[in-house]
Amino acid sequence: MVRVRFAPSPTGLLHIGNARMAVFNWLFARRHKGAFILRIEDTDVARSERKHMEQLMADLHWLGLTWQEGPDVGGPYGPYIQSERLHIYHDICRKFLHDGLAYRCYCTPEELEERRQVAKRTGKPPRYDNRCRNLTDEQNKAFETSGLNFTVRFKVPEEFLVFDDLIRGACQFDMSLVGDFVIMRSDGTPSFHFAVAVDDTLMQITHVIRGEDHLSNTPCHILLFHALNRKPPQFAHLSLTMGADRTLLSKRHGAFSLSEYRKLGYLPEALLNYMMLLGWAPKDKKERFKADDVIETFEISTMSKSSSVFDQQKLDWLSGQYLREAELERLTNLAIPYLQAAGFVSQDENTIDRAKLRLTVDTVRNNISCMSQIVQEVNIFFNDIVISENHIEFLSSETAQSILLSFYNEICKTNTLSPEIFKDTLKTVQKETKVTGKGLYLPIRVALTGREHGPELYGVAHILGIDTCKKRIERFLLVKK
Ligand code: GLU
């Protein structure tokens, strides 16, 4: 059975580039009816925090991802948090020492740094020179009794290592360029390489799907798999996501963490759809799809070898499409906290006029790409509008005045402004003034909203209600009727 894992380090909020790795692991597991496992790699004690772990789990759940094994749901190969597995790493490290696969290294960090500098100056690879590998028994004894700190290093064979990457094909590494690497630090914590290989072995991981930034780590992991008597899993190194300037995606490019997108009120299914488009496209090249639509046809080998480019505008476009089609009741519920925070609706949900709110959300949903933007859009319904000098001048023109006056006179004849009445009213105004299209709409829009763009005007008028519409028009009628 296919078993894949997403193995984040809980050192901060889950960035969209990293979360994308989770998405493709999850997709792959579903494609092959396998298991998706969440493992927390928190051996960097200084930078890891439990609150980050909890946040990232909540964010992945929000995105719609579920895992069959993980810190919160348990599973047969737990614990799934590396800091709770230290005894496992220690046992295996002891076995490696006993079997001569690894050795104690007493070189101090200062000595190592000095040798690195010398290697650099003399143009040699900055690898560890393996000097503690061949200590004599006496030297070893002397070090042991000296009480000096030591690390444990794995003996790297000087060989060419070849493996087949599911995306990149054959990858070759000259291991003579890699020195014996640390598997256990002097503080008793396992190195990244060691913990990953031990866990992937014990958790029976069949496919390692991760970022191409890990490609150079893979040969070390393969050596460890061999030492652990385990056939290495298959590897797929996904290309990374860049900003438009071709540097690794970061906040600078307007890309946020999952938490931030969630706070901004993006719909999770829209974000998930966008993330699946980074470095992959379904066969039919459709841009809008659900994970369920593509499960059957997802082939990891078709993922792009070159980096994808994050495009906030495209995400916003896609997100807008989802908002237009989402269930209105759901959007209304999502809108409430933003409107409450802006002071537009009551904190007591029972006193909110839901029918009006639904109408409001329905009217503005075409103009937003995430729910937090609703605040700017609905401002015109809850606050007095401010009209700029330019707009005042515009509304004073002869044509604008004739439109406003005709519109005003018409709405004075009715006591409601339903969309139907509004549309009929405009027909009459058009007949009277002989102005059509945008020329007709614009003065009314500017007078009612203070803006030149916005939601459909009939919806705006309906929400504002007849009295507010009249008041807003009256302000600009130079000749009182
Ligand atoms: N903890 C590693 C990271 O966050 C994961 C490495 C792996 O997937 O093997 O990059």
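Each ligand, and each atom within it, is numbered from 1 in the order the structure gives.
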Go through ligand 1 atom by atom and flag the ones less than 4.0 Å from a non-hydrogen atom of E41.
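Once the distances to E41 are compared, the set is 1 (N), 2 (C), 5 (C), 6 (C).
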Give the numbers and elements of all ligand 1 atoms closer than 4.0 Å to a heavy atom of R5.
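That gives atoms 7 (C), 8 (O), 9 (O) of ligand 1.
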Which residue and non-hydrogen atom of the protein lie closest to atom 5 (C) of ligand 1, and at what distance in Å?
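Here the closest protein heavy atom is A7 O, 3.2 Å.
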Nearest non-hydrogen protein atom, atom 3 (C) of ligand 1:
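It is H214 NE2, 3.7 Å.
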Within this structure, what is the CZ-CG distance for the pair R30 and L65, rounded to the nearest 0.5 Å?
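If we round to the nearest 0.5 Å, R30:CZ and L65:CG are 9.0 Å apart.
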To the nearest 0.5 Å, how far apart are CZ in F181 and OG1 in T151?
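Between atom CZ of F181 and atom OG1 of T151 there are 12.0 Å.
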cation_pi(R153, Y128) dist<6.0 Å, angle<=45
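Yes, R153 and Y128 form such a contact.
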Ring-plane angle category for F154 and F96, please: parallel below 30°, perpendicular beyond 60°, tilted otherwise.
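Geometry flag for F96 against F154: tilted rings.
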So, regarding S9 and ligand 1 (criterion: nitrogen or oxygen to nitrogen or oxygen, under 3.5 Å), is there a contact or not?
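Yes; at least one N/O pair falls below 3.5 Å.
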Does the N or O separation between V208 and ligand 1 drop below 3.5 Å for any pair?
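No: no nitrogen or oxygen of V208 is under 3.5 Å from one in ligand 1.
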Just do the side-chain hydrogen bond (donor to acceptor under 3.5 Å, both in side chains) check on T43 and T189 with the steps written out, would you?
CA-CA 7 Å; T43 55; T189 57; over 6 Å; no
Could you go through H237 and T218, starting from their C-alpha distance and side-chain angles, then the distance that decides it, and tell me whether this counts as side-chain hydrogen bond (donor to acceptor under 3.5 Å, both in side chains)?
CA-CA 10 Å; H237 288 91; T218 298; 2.9 Å; yes
May I ask whether M21 has any heavy atom positioned less than 4.0 angstrom from an atom of ligand 1?
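Distance cut 4.0 Å: M21 fails for ligand 1.
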Is F192 in contact with ligand 1, taking contact as a heavy-atom separation below 4.0 Å?
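So F192 counts as touching ligand 1.
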